[in-house]
Colleague: 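Here it is: the structure, laid out below.
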Amino acid sequence: MAEIKIGQPVDIVVRDGVIRKSSIQDIVNDRIVFVQVTPPLPESAIGKTILVTYKPSKDERTRWSFRATIAEVREGYVTVGRGFPAIIAVRVSPCEPCDLRAYERHPPQPAMHIQYGVDDLEIIDISAAGAHLVRTSAKRSPLKVNEAIPLTIQNHAGTYSRQARIVRRWHSRGESGPEHLAVIFI
């Protein structure tokens with residue numbers, strides 16, 4: 001079992017599969033103190049169960065998780081002489097390996113192509129729900145997270161249009177490097 005520790009970065013699954021980044025700031029008896037997520041959880045979240053996921057180390061490939069019940073949402077939790085907005089939760093399950101993906105991802109079939117406008121996108125992997133796509137480097141992109149974009153998908157069955165929402169966007173090798181898009185199909 002991979003145990004948690006202070007300073008541990010975590011992903012908190014709050015509701016409907018929404019994932020928010022946080023970190024463990026304190027562990028007192030059976031209570032775990034997390035940095036408040038963005039957007040912040042309201043007081044109405046008290047009593048709700050969250051799923052906390054983490055990797056024990058950067059080199060670890062396996063993700064671990066446990067369930068916790070939110071006991072308190074505090075504006076000014078003080079530790080080591082500083083205050084911060086916090087979520088205080090009580091762990092209600094043991095740590096166990098987990099996978100946040102709802103659908104298994106696969107490499108694209110050789111005959112599969114995806115386009116955004118006139119741009120051919122490289123397909124890193126694809127599932128029934130979404131894909132990891134890459135746009136060519138040195139293109140200034142107006143694309144934003146949460147934006148819906150039209151895609152043209154070609155495979156052995158034909159060509160069809162599909163809307164996708166961008167859930168993550170990042171560049172490898174700096175802003176002028178390739179643009180990575182994690183999308184879900186809508």
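Keep in mind it's a predicted model, so treat the numbers as computed, not measured.
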Colleague: With Lys55, which residues qualify under salt bridge (Lys or Arg N to Asp or Glu O under 4.0 Å), at least two apart?
Modeller: none
Colleague: List in chain and number order the residues that pass side-chain hydrogen bond (donor to acceptor under 3.5 Å, both in side chains) with Glu122, two or more places apart in sequence or in another chain; answer none if no residue qualifies.
Modeller: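 Listed in chain order: nothing, the list is empty.
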Colleague: Name every donor-acceptor pair, under 3.5 Å, that has one atom in a side chain of residues 27-34 and the other anywhere in the protein, sequence neighbours excluded.
Modeller:
none

Colleague: I'd like to check the side chain to side chain contact (heavy atoms under 4.5 Å, CB included) partners of Pro9; sequence neighbours left out, ordered by chain and number.
Modeller: none
Colleague: Any sub-3.5 Å donor-acceptor pair from Ser22's side-chain atoms to Val35's backbone N or O?
Modeller: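 Yes; judged by distance alone, with no hydrogens or angles, the pair exists.
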Colleague: Mind checking side chain to side chain contact (heavy atoms under 4.5 Å, CB included) for Val92 and listing every partner two or more places apart, or none if nothing turns up?
Modeller: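 So Val92 forms a side chain to side chain contact (heavy atoms under 4.5 Å, CB included) with Arg67, Thr69.
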Colleague: Using side chain to side chain contact (heavy atoms under 4.5 Å, CB included) as the criterion, list what pairs up with Arg165, not counting sequence neighbours.
Modeller: Asn146, Val167, Ile184, Ile186
Colleague: According to ring pair (Phe, Tyr, Trp, His ring centres under 6.0 Å), who are the partners of Tyr116, at least two apart in sequence or on a separate chain?
Modeller: none
Colleague: Please set out all donor-acceptor pairs under 3.5 angstrom arising from side-chain atoms of residues 36-48, sequence neighbours excluded.
Modeller:
unit_1	atom_1	unit_2	atom_2	d
Gln36	OE1	Leu41	N	3.0
Gln36	NE2	Leu41	O	3.2

Colleague: With sequence neighbours excluded, tell me which residues meet side-chain hydrogen bond (donor to acceptor under 3.5 Å, both in side chains) with Gln163.
Modeller: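 Gln163: no side-chain hydrogen bond (donor to acceptor under 3.5 Å, both in side chains) contacts found.
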Colleague: Please name all residues satisfying ring pair (Phe, Tyr, Trp, His ring centres under 6.0 Å) with His113, sequence neighbours left out, ordered by chain then number.
Modeller: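 Testing His113 for ring pair (Phe, Tyr, Trp, His ring centres under 6.0 Å), a comparison that skips the adjacent residues, returns none.
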Colleague: How about Ile123 and Met112: do any of their side-chain heavy atoms sit closer than 4.5 Å?
Modeller: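 Counting from C-beta outward, Ile123 and Met112 do come under 4.5 Å.
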Colleague: Closer than 4.0 angstrom, basic N to acidic O: yes or no for Asp11 and Arg63?
Modeller: yes
Colleague: Rest of the hydrophobic cluster containing Val90 (Ile/Leu/Val/Met/Phe/Trp/Tyr, side-chain heavy atoms under 4.5 Å)?
Modeller: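 Reading the cluster by chain and number, Val90 sits alone, since nothing else belongs.
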Colleague: Quick check: do His180 and Arg169 have side-chain heavy atoms less than 4.5 Å from each other?
Modeller: no
Colleague: What I'd like to find out is whether the side chain of Leu151 reaches to under 4.5 Å of the side chain of Leu121, using heavy atoms alone.
Modeller: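 Side-chain contact under 4.5 Å: yes.
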Colleague: Test: ring-ring contact (aromatic ring centres under 6.0 Å, His included). Region: residues 74-97. Which pairs qualify, not counting sequence neighbours?
Modeller: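 Sorted pair list: Tyr77-Phe84.
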